[in-house]
There are 2 protein chains.
Amino acid sequence: MTDDELDLVFGALADPTRRAILARLAQGDASVNELTGLFAMSQPAVSRHLKVLERAGLVSRSQQGTMRLSHLEAGALREATDWLADYRAYWEASYARLDALLADIDPSGPPDPS
Amino acid sequence: MTDDELDLVFGALADPTRRAILARLAQGDASVNELTGLFAMSQPAVSRHLKVLERAGLVSRSQQGTMRLSHLEAGALREATDWLADYRAYWEASYARLDALLADIDPSGPPDPS
DNA sequence: CTATTGTATAACGTGATGGTTCTAGAGTGC
DNA sequence: GCACTCTAGAACCATCACGTTATACAATAG
């Protein structure tokens, strides 16, 4: 995934309205009008949020009669998580070092994090 | 994780310079001057990027002699991936439906995606 | 105390973002 | 064709984001 694509995906995710749209779409496709009903904002504003999501590859759209349905496209989300996953190794190592440090202080070992 | 926190984290990740800073910090702490050397931009610009990362909880900082070291804080990254993971269920279900559809067309079942 | 180095802050310009209202276009029903 | 509904686009405005340069602050060295 290119840097520009990550810009678009993370940029799209940086807005609460757009995250809420994604949350709604995870439960099924929706029309622009239906989405507009969920937020305290005008229909053109929602249309523009959808455009941002579409440009980021997070959403695809299809004509369905007189309305356009938005559909969640999980591929871009997966790529974003893949990027983040590269840091998983780091933070797991980080926690491992912390555990080692705690074990060094208290040889009974770290408590079960329940 | 609150919506505001997600705004800050995804907003911070939406910039390529900041992602590059995180990538650098994953390999160890670094001073502002050292980070400035990595990018074609002024030191104040880098300082502000670090401030954004700190506000998002992605980076912590400590005084080390005359310089301030930036340290990757993986916790916020984990929370971002946790948020994204909520969609994993969706897209896996989505792929499962696709598999079912393909199986319906060709009862020999979907090929091993290797 | 003074000089030096590292970092932060201030002031500014410019382009992007997110909202609005008004209007145009596209698709369906009569 | 005509009316109606749904959606998109244009024009505008306020605010924010990201960069700059110049300057102030903080910590160490001499």
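To find a chain, count down the sequence lines: A is the first, B the second, and so on, and within it residues start at 1. This one's a predicted model, so the numbers in the text were calculated from it and none came from an experiment.
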Between [options], spot the one nearest the side chain of [X], thanks.
| X | options | result |
| --- | --- | --- |
| His49(A) | dG19(C), dT21(C), dT7(C) | dG19(C) |
| Met67(B) | dG19(D), dT7(C), dC6(D) | dT7(C) |
| Val32(A) | dA8(C), dT7(D), dT20(D) | dT7(D) |
| Ala45(B) | dG27(C), dG19(C), dG19(D) | dG19(D) |
| Met41(B) | dG18(C), dG19(D), dG19(C) | dG19(D) |
| Pro44(A) | dT20(D), dG9(D), dG19(C) | dG9(D) |
| Lys51(A) | dG27(C), dT7(D), dG9(D) | dG9(D) |
| Arg61(B) | dT7(D), dT28(C), dA8(C) | dA8(C) |

Write down the distance between [atom1] ([X]) and [atom2] ([N]), rounded to a whole number of angstrom.
| X | N | atom1 | atom2 | result |
| --- | --- | --- | --- | --- |
| Gln43(B) | dC25(D) | CD | C1' | 12 Å |
| Glu54(B) | dA8(C) | CD | P | 8 Å |
| Leu53(B) | dC18(D) | CG | C1' | 14 Å |
| Leu50(A) | dT17(C) | CG | P | 16 Å |
| Gln64(B) | dA26(D) | CD | C1' | 15 Å |
| Ile21(B) | dC18(D) | CD1 | P | 11 Å |
| Leu69(A) | dC6(D) | CG | C1' | 12 Å |
| Leu13(B) | dA17(D) | CG | C1' | 16 Å |

Could you tell me whether the phosphate oxygens of [N], OP1 or OP2, come under 4.0 Å of any side-chain nitrogen or oxygen in [X]?
| X | N | value |
| --- | --- | --- |
| Asn33(B) | dT7(C) | yes |
| Arg68(B) | dA27(D) | no |
| Ser47(B) | dA8(C) | yes |

* What nucleic acid atoms does Gly11(B) come within less than 4.0 Å of, heavy atoms only: base, sugar-phosphate, or nothing? ->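 Contact class for Gly11(B): none.
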
To the nearest 0.5 Å, how far apart are [atom1] in [X] and [atom2] in [Y]?
| X | Y | atom1 | atom2 | answer |
| --- | --- | --- | --- | --- |
| Glu79(A) | Leu84(A) | CD | CG | 12.5 Å |
| Leu22(B) | Leu13(B) | CG | CG | 6.5 Å |
| Glu73(B) | Leu58(B) | CD | CG | 9.0 Å |
| Asp29(B) | Glu34(B) | CG | CD | 9.5 Å |

* Does the dA26(D) base have a donor-acceptor partner in the side chain of Gln63(B) within less than 3.5 Å? ->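 Under the 3.5 Å cut-off, the side chain and the base do not form any donor-acceptor pair.
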
* Can you find an N or O donor on one side and an acceptor on the other, under 3.5 Å apart, linking the side chain of Arg48(B) with the base of dG19(D)? ->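 Yes, a donor-acceptor pair under 3.5 Å.
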
* Asked: Starting at the 5' end of DNA chain C and moving along, which residue's nearest nucleotide shows up first, Ala40(A) or Gly65(A)?
  ->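 The residue closer to the strand's 5' end, by nearest nucleotide, is Ala40(A).
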
* **Minimum heavy-atom distance between Gly11(A) and Arg18(A), given as atom pair plus value** =>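 Closest heavy-atom pair between Gly11(A) and Arg18(A): O-NH2, 3.2 Å.
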
* Is there a path of hydrophobic side-chain contacts, each under 4.5 Å between heavy atoms of I, L, V, M, F, W or Y residues, that connects Leu8(A) with Val52(A)? ->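 Shared cluster, no.
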
